[in-house]
J.: 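Quick one: structure below, then a few questions.
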Amino acid sequence: MNASLVGYARTSTLDQVAGYEAQISALEKAGCHEIFREQVSATGKRPELDATLRYIRKGDTLVVTKLDRLARSVKHLGEVVETLDEKEAMLRILNLSLDTGTPTGKLMLNMLGSVAQFEREMMLERQREGIARAKADGKFKGRPRSTQPSEVLELVENGMSVKEVMANLSISRPSYYRLLKEAKDETNNP
């Protein structure tokens, strides 16, 4: 069996058409004859990535345009690389000119994965700090509540069951209980 280049392209949304097409074009230009494609969030289920990893054979190289198109975290990257190692396959990241077929490539991949994870954690920390500042300044109130606690209490007092209230207001079971508790707390502590 001949080793081959197997491409994987992903964007988070269907709106990212140009980026999606650019990835596919770059993978074709790199020599990938088989390209797995999907448009899903990195945090959701990724059936095409799973299919790609099942498809890969000994000696094959998985090719992606950028590291963030493949892995959502250092842990996930490690899992993908471990799967490739078990299959005696390699990983190539085009924008970094990185190939795990070499010891230097493996080292660089681990370092870059750690830096990417650190960068993401820093971004999330800055986001949390910004929200806290905005809340303190009264500029951020969060997403407007679509269902008020009083609505839940009113339906319960009119004899509706938990399931009926949930269906009527399109809320989940945890939301039902949280809103009911808030309504009762408001009633008891006017």
Side-chain angles (χ1 to χ4, degrees), residues 1-131 142-143 166 170-175:
M1 180 185 279
N2 292 334
S4 62
L5 300 176
V6 179
Y8 174 73
R10 181 193 64 80
T11 57
S12 297
T13 68
L14 297 174
D15 296 335
Q16 297 173 320
V17 175
Y20 190 61
E21 290 172 354
Q23 285 180 64
I24 293 166
S25 176
L27 293 170
E28 288 171 345
K29 188 175 177 183
C32 298
H33 296 290
E34 185 70 39
I35 300 174
F36 292 80
R37 319 151 191 238
E38 61 190 340
Q39 292 181 286
V40 297
S41 167
T43 59
K45 290 190 185 274
R46 295 167 59 189
E48 287 302 305
L49 177 58
D50 295 340
T52 305
L53 294 173
R54 282 192 307 273
Y55 179 85
I56 296 274
R57 300 290 178 250
K58 180 178 180 176
D60 287 351
T61 300
L62 172 59
V63 183
V64 295
T65 57
K66 295 170 60 180
L67 184 58
D68 67 349
R69 301 296 88 203
L70 176 66
R72 62 180 152 258
S73 66
V74 173
K75 180 182 179 210
H76 184 238
L77 176 62
E79 291 167 358
V80 170
V81 170
E82 184 177 327
T83 299
L84 294 173
D85 285 347
E86 288 170 1
K87 292 180 170 238
E88 297 181 40
M90 288 143 300
L91 173 64
R92 183 177 301 159
I93 303 167
L94 298 178
N95 78 325
L96 301 174
S97 299
L98 189 140
D99 190 332
T100 64
T102 68
T104 303
K106 284 184 180 181
L107 172 67
M108 291 302 297
L109 180 65
N110 287 325
M111 288 174 48
L112 289 169
S114 295
V115 169
Q117 179 76 23
F118 175 75
E119 185 178 277
R120 172 136 178 82
E121 289 171 5
M122 294 303 294
M123 184 269 305
L124 291 172
E125 184 176 324
R126 287 190 302 271
Q127 182 182 28
R128 284 189 295 270
E129 289 171 357
I131 290 171
R143 183 175 48 193
M166 289 169 39
S170 299
I171 59 175
S172 66
R173 185 172 296 274
S175 292

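Starting from 1, each residue takes its place in the sequence as its number.
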J.: Please name the pair of heavy atoms, one in Arg69 and one in Ser12, separated by the smallest distance, quoted to 0.1 Å.
T.: NH1-N, 4.1 Å
J.: Can you tell me how far CE of Met123 sits from CD of Glu119, rounded to the nearest 0.5 angstrom?
T.: 8.5 Å
J.: Between the main-chain N or O of Glu79 and the side-chain N or O of Thr83, is there a donor-acceptor pair closer than 3.5 Å?
T.: yes
J.: Would you indicate whether Glu129, at its atom CD, is surrounded by more than 12 heavy atoms from other residues, nucleotides or ligands within a distance under 6.0 Å?
T.: yes
J.: What distance do Leu96 atom CG and Leu109 atom CG have between them, rounded to the nearest 0.5 Å?
T.: 9.0 Å
J.: Out of curiosity, Arg92 CZ to Thr61 OG1, how far, rounded to the nearest 0.5 Å?
T.: 5.5 Å
J.: When Leu98 is tested against each of Thr100, Thr102, Leu94, Asn95 for side-chain contact (heavy atoms from CB on, under 4.5 Å), which residue passes?
T.: Thr100
J.: Does the side chain of Gln23 pick up a donor-acceptor pair with the side chain of Tyr8 at under 3.5 Å?
T.: no
J.: Between Ile35 and Cys32, what is the shortest heavy-atom contact and its length?
T.: CG1-CB, 3.9 Å
J.: Nearest heavy-atom pair of Thr65 and Ala26: which atoms, and what distance?
T.: CG2-CB, 3.9 Å
J.: Hey, could you give me the CG/CD distance between Leu27 and Glu34, rounded to the nearest 0.5 Å?
T.: 11.5 Å
J.: Does any N or O in the side chain of Arg10 come within less than 3.5 Å of the main-chain N or O of Val40, such that one atom is a donor and the other an acceptor?
T.: yes
J.: More than 12 heavy atoms of other residues, nucleotides or ligands under 6.0 Å from NZ of Lys87: yes or no?
T.: yes
J.: Within the 4.5 Å heavy-atom criterion, are Glu38 and Pro47 side-chain neighbours or not?
T.: yes
J.: Where the side chain of Thr52 meets the backbone of Glu48, is there a donor-acceptor pair that is under 3.5 Å apart?
T.: yes
J.: To the nearest 0.5 Å, tell me how far Glu28 CD sits from Ile24 CD1.
T.: 7.0 Å
J.: Take Asp99 and Met108 through the side-chain contact (heavy atoms from CB on, under 4.5 Å) test and state the conclusion after the steps.
T.: CA-CA 9 Å; Asp99 190 332; Met108 291 302 297; over 6 Å; no
J.: Taking all non-hydrogen atoms of both residues, which atom of His76 and which atom of Leu70 are closest, and how far apart?
T.: CE1-O, 3.5 Å
J.: Run Val63 and Ile93 through side-chain contact (heavy atoms from CB on, under 4.5 Å) and show every step you take.
T.: CA-CA 6 Å; Val63 183; Ile93 303 167; over 6 Å; no
J.: For a side-chain contact (heavy atoms from CB on, under 4.5 Å) check, start with the C-alpha distance between Leu49 and Phe36, then their side-chain angles and the critical distance, and finish with the verdict.
T.: CA-CA 7 Å; Leu49 177 58; Phe36 292 80; over 6 Å; no
J.: Calculate, to the nearest 0.5 Å, the distance between atoms CD and CZ belonging to Glu21 and Arg37 respectively.
T.: 10.0 Å
J.: Any idea which heavy atoms bring Gly7 and Leu62 closest together, and the distance?
T.: C-CD1, 4.5 Å
J.: Please report the closest heavy-atom contact between Ala3 and Asp60, naming both atoms and the distance.
T.: CA-OD1, 3.4 Å
